[in-house]
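Indexing begins at 1, ligand by ligand and atom by atom, following the structure's order.
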Amino acid sequence: MRMSVIGCGYLGAVHAAAMASIGHDVIGIDVDAQKVAALASGTAPFFEPELGELLQEGLASGRLRFSTEMSDAAGAAIHFIAVGTPQIPGGHSADLRFVDAAVAALLPHLSPGDVVAGKSTVPVGTAERLGSVVADTGATLVWNPEFLREGWAVHDTISPDRLVVGVPSGADGERATAALHEAYRPAVEAGTPFLVTDLATAELVKGAANAFLATKISFINAMAEIAEAAGADVALLADALGHDTRIGRRYLGSGIGFGGGCLPKDIRAFAARAEELGRGEAVGFLREVDSINLRRRDRAVQLVVDALGGLVFGRRIAVLGAAFKPFSDDIRDSPALDVAVRLRGLGADVIVTDPAALDNAAAAHPQLGYATERDDALRDADAVVIVTEWDLYRREMTPEHAGSLVAGRVIVDGRNCLDAAAWRAAGWTYHGMGRR
Ligand code: UDX
């Protein structure tokens, strides 16, 4: 099928390359000429495992192209909208200006029978509003939310755990459903559930999924607060809870909490939309989820301060990690960098290291010290803080080796990812988050 993908960020660039890899003829469109030039030369403009190879294969096959010209979308059977929906400045709602602009720019290039498939995360009601604008051209708008995780984006796009398509009722909706079914045929044939809903339900599925995941993380971090007060160990608690298959262990990772370009802003936008619908009470708990999450950052900073005897001013602190999670260079709302910035604000001599996100971190926070190599960050540190659980810190750093570099064997494990007993046995003072 011929397809266009409007917006080539974390979502759209991967979607375009993945669709080409399963045999479609894809044009990716973005207003950012630099990004388009990078993608067109086979270079991923951000860190995402497997994306570079997929881009190069797609470009070499001739089935994948990139452009800054919206007119190049003309002739495609499906146009995927994959632009960002950030938080509005000074508020909690989603900023829809990029979605609105993308649809407005696409309108003159649509033909009757085309399908416009929104993938961006939007407040419920957006699809219906845009659908009536698109319908004037004879095209049909559907909503096809995306659930990919950064760091696993290629895998999640090619082998999703479910496909959800919200369509309008009637013959147009049926034609559009058939087009989306064809677009995702390999995944559907491999047994991926293909759920067809109305527009509003499809929009809500995405918001609800992120709200649930954020709630699960904040639940375990709330338990960490109790464990701290009671002298219990939240990591053992999570293991024990996780064996209950109704609960499950995934997303019960305690520590400094969630960040990134999705969960924080999506739960806020979800709650803001619920307020608009007069149902704010139904998601009042999301405010708690948000504040539990932000409290963990305070707690991590406090642990470091306490670990250094109450004062960090002038002390050298190695901060291991800057990305909001491993396998990503994304620092948007990164709890890791937030902790580093706050420690710096208290006068600490902070040295941040990260295998992927250092350039992004340095551009955003030039006041912090940076080390490209982990061991250079560790050297002469009075305390070490792990804030992103990269294997480089979690698995490949032994307490003995780290101990030979630092000035003081003090470690704060902001992701509860280390074997506390092993670190203590090597003479370290180990502090976990909600752990004895
Ligand atoms: C998330 C959703 O998982 C995805 O389905 C949606 O499409 C976009 O938002 P992503 O932002 O890539 O994906 O990251 P995710 O892996 O979900 O992690 C989000 C944050 O939660 C990270 O900061 C991570 O460190 C944190 N996290 C995750 C925890 O603190 N504990 C956990 O157990 C899991």
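Under 4.0 Å from ligand 1, the heavy atoms of Lys206 that appear belong solely to its side chain. Contacts between Lys216 and ligand 1 below 4.0 angstrom, taking non-hydrogen atoms only, are absent altogether. The residue Ile220 has no part lying near ligand 1, judged by heavy-atom distances below 4.0 Å. Contacts with ligand 1 closer than 4.0 Å are made by no heavy atom of Asp266, backbone or side chain.
Atoms of ligand 1 found under 4.0 Å from any heavy atom of Phe258 (numbered from 1 in listed order, with element): 20 (C), 21 (O), 23 (O), 26 (C). Every atom of ligand 1 with a heavy atom of Arg149 under 4.0 Å away is listed here by number and element: 3 (O), 12 (O), 13 (O).
Remark: Arg162 is positioned above the aromatic ring of Phe147, its terminal NZ or CZ atom under 6.0 angstrom from the ring centre and at most 45 degrees off the axis.
Identified under the ring pair (Phe, Tyr, Trp, His ring centres under 6.0 Å) test for residues 29-55, with sequence neighbours left out: Tyr10-Phe46.
Ligand 1 has no N or O atom lying under 3.5 Å from any N or O atom of Cys262, backbone or side chain.
Glu225 is linked by a salt bridge (charged side-chain N to carboxylate O under 4.0 Å, His left out) to Arg295, counting only residues two or more places apart in sequence or in another chain.
Counting heavy-atom neighbours within 6.0 Å of Glu275 CD, excluding the residue itself, gives a total above 12.
Checking Gln87 against Arg268 by side-chain atom types alone, a donor-acceptor pair falls below 3.5 Å. Ser4 and His79 are linked by a side-chain donor-acceptor pair at a separation below 3.5 angstrom, with hydrogens and angles left out of the test.
Residue-ligand proximity: Glu389 is placed with every non-hydrogen atom at 4.0 Å or more from ligand 1. Look at Gly260 and you'll find every heavy atom at least 4.0 Å from all atoms of ligand 1.
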